[in-house]
Amino acid sequence: MTIHSEELLQVTVAAADDKKAMRIVALELKGISLVADYFVICHGNSDTQVQAITTEIRKQAELRGVRVRGIEGLDSARWVLVDLGDVIVHVFHRDERDYYNIERLWSDAKVVEFA
């Protein structure tokens, strides 16, 4: 089964929202980077919440036949990167998000609005 990057983006954002992720931001990288079509950036307020957000994103992606290419940083739960191919998710602990401020690094990317 193939899922389009836009649908995967929606699934990812919904999964993060389901686990009460804070300040969910989706950046469209098409035409800017070959790494992925979208970055999703969010944070949790504790290590446990960061892990729960990451687990739910992985679960929802796998339910739709998406192969998770990698998850890095889950043990420390400070900055977890979930590689879903066309969508890459950054789940931060709240203390780390402002420090790294990756939204600023990708400031030429368009912010995706959700209805």
Side-chain angles (χ1 to χ4, degrees):
M1 166 169 45
T2 303
I3 183 171
H4 295 286
S5 60
E6 293 81 9
E7 184 181 351
L8 181 56
L9 174 65
Q10 293 286 339
V11 165
T12 302
V13 168
D17 186 56
D18 185 58
K19 294 300 177 186
K20 309 292 189 247
M22 307 297 293
R23 288 181 24 219
I24 302 170
V25 176
L27 302 176
E28 183 176 335
L29 301 178
K30 294 176 184 176
I32 295 173
S33 175
L34 299 175
V35 173
D37 290 346
Y38 298 99
F39 271 1
V40 175
I41 305 161
C42 63
H43 74 268
N45 291 320
S46 67
D47 294 359
T48 304
Q49 187 182 19
V50 168
Q51 291 169 338
I53 294 165
T54 303
T55 300
E56 186 66 15
I57 290 168
R58 183 186 70 228
K59 177 180 145 189
Q60 293 303 321
E62 288 174 345
L63 282 173
R64 288 157 178 85
V66 175
R67 182 175 69 88
V68 178
R69 296 178 180 194
I71 296 178
E72 299 293 330
L74 189 58
D75 291 339
S76 67
R78 303 308 286 179
W79 177 358
V80 180
L81 185 136
V82 183
D83 184 351
L84 302 173
D86 291 336
V87 177
I88 295 178
V89 186
H90 300 269
V91 184
F92 286 95
H93 188 285
R94 74 169 174 246
D95 299 336
E96 309 300 319
R97 182 168 185 177
D98 291 333
Y99 178 79
Y100 288 106
N101 194 11
I102 65 172
E103 292 100 320
R104 183 181 49 81
L105 294 174
W106 294 94
S107 61
D108 16 332
K110 179 180 140 195
V111 175
V112 179
E113 299 293 330
F114 296 96

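In what follows, every heavy atom counts, from backbone to side chain, and hydrogens, waters and symmetry copies are set aside.
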Rounded distance [0.5 Å steps], NZ in Lys59 versus NZ in Lys19: 6.5 Å
Heavy atoms of other groups near Glu72 CD, more than 12 under 6.0 Å: no
Contact check, side chains of Arg78 and Asp95, non-hydrogen atoms, under 4.5 Å: yes
Evaluation steps, salt bridge (Lys or Arg N to Asp or Glu O under 4.0 Å), between Lys20 and Glu56: CA-CA 11 Å; Lys20 309 292 189 247; Glu56 186 66 15; over 6 Å; no
Any donor-acceptor pair under 3.5 Å from Gln60 side chain to Thr12 backbone: no
Set of residues satisfying side-chain hydrogen bond (donor to acceptor under 3.5 Å, both in side chains) with respect to Glu7, sequence neighbours excluded: none
Atom pair CD/CG of Glu103 and Leu27 - distance to nearest 0.5 Å: 6.5 Å
Common cluster, Val89/Met22, ILVMFWY with side-chain heavy-atom separation under 4.5 Å: no
Point-to-point distance, once rounded to the nearest 0.5 Å, from CG of Asp98 to CZ of Arg104: 11.5 Å
Name of the residue among Val87, Val13, Leu84 meeting side chain to side chain contact (heavy atoms under 4.5 Å, CB included) with Tyr38: Val87
ILVMFWY cluster, Trp79 and Ile53 together (side-chain gap under 4.5 Å): no
Gln10: side chain to side chain contact (heavy atoms under 4.5 Å, CB included) partners, not counting sequence neighbours: Phe114
Note, Leu74 side chain near Gln51 side chain (heavy atom, < 4.5 Å): yes
Within one Ile-Leu-Val-Met-Phe-Trp-Tyr cluster: Ile24 and Val112, side-chain cutoff 4.5 Å: yes
Over 12 non-hydrogen atoms of neighbours within 6.0 angstrom of CG in Asp75: no
In one Ile/Leu/Val/Met/Phe/Trp/Tyr side-chain cluster, 4.5 Å: Leu8, Val80: yes
ILVMFWY network linking Val35 to Ile102, side-chain heavy atoms under 4.5 angstrom: yes
Criterion side chain to side chain donor-acceptor pair (under 3.5 Å) on Ser5 and Asp37, from CA distance to verdict: CA-CA 7 Å; Ser5 60; Asp37 290 346; 3.0 Å; yes
Approximate separation, where rounding is to 0.5 Å, of Ser33 OG and Glu28 CD: 12.0 Å
Flag if over 12 foreign heavy atoms under 6.0 Å of CG, Leu105: yes
Spacing of Asn101 atom CG and Glu96 atom CD [to the nearest 0.5 Å]: 13.0 Å
From OH (Tyr100) to CD1 (Ile41), nearest 0.5 Å: 14.5 Å
N/O donor-acceptor pair under 3.5 Å between Gln49 side chain and Asn45 backbone: yes
Distance-minimising heavy-atom pair for Leu81 and His90: CD1-CE1, 3.5 Å
Exceeds 12 heavy-atom contacts within 6.0 angstrom, atom NZ of Lys30: yes
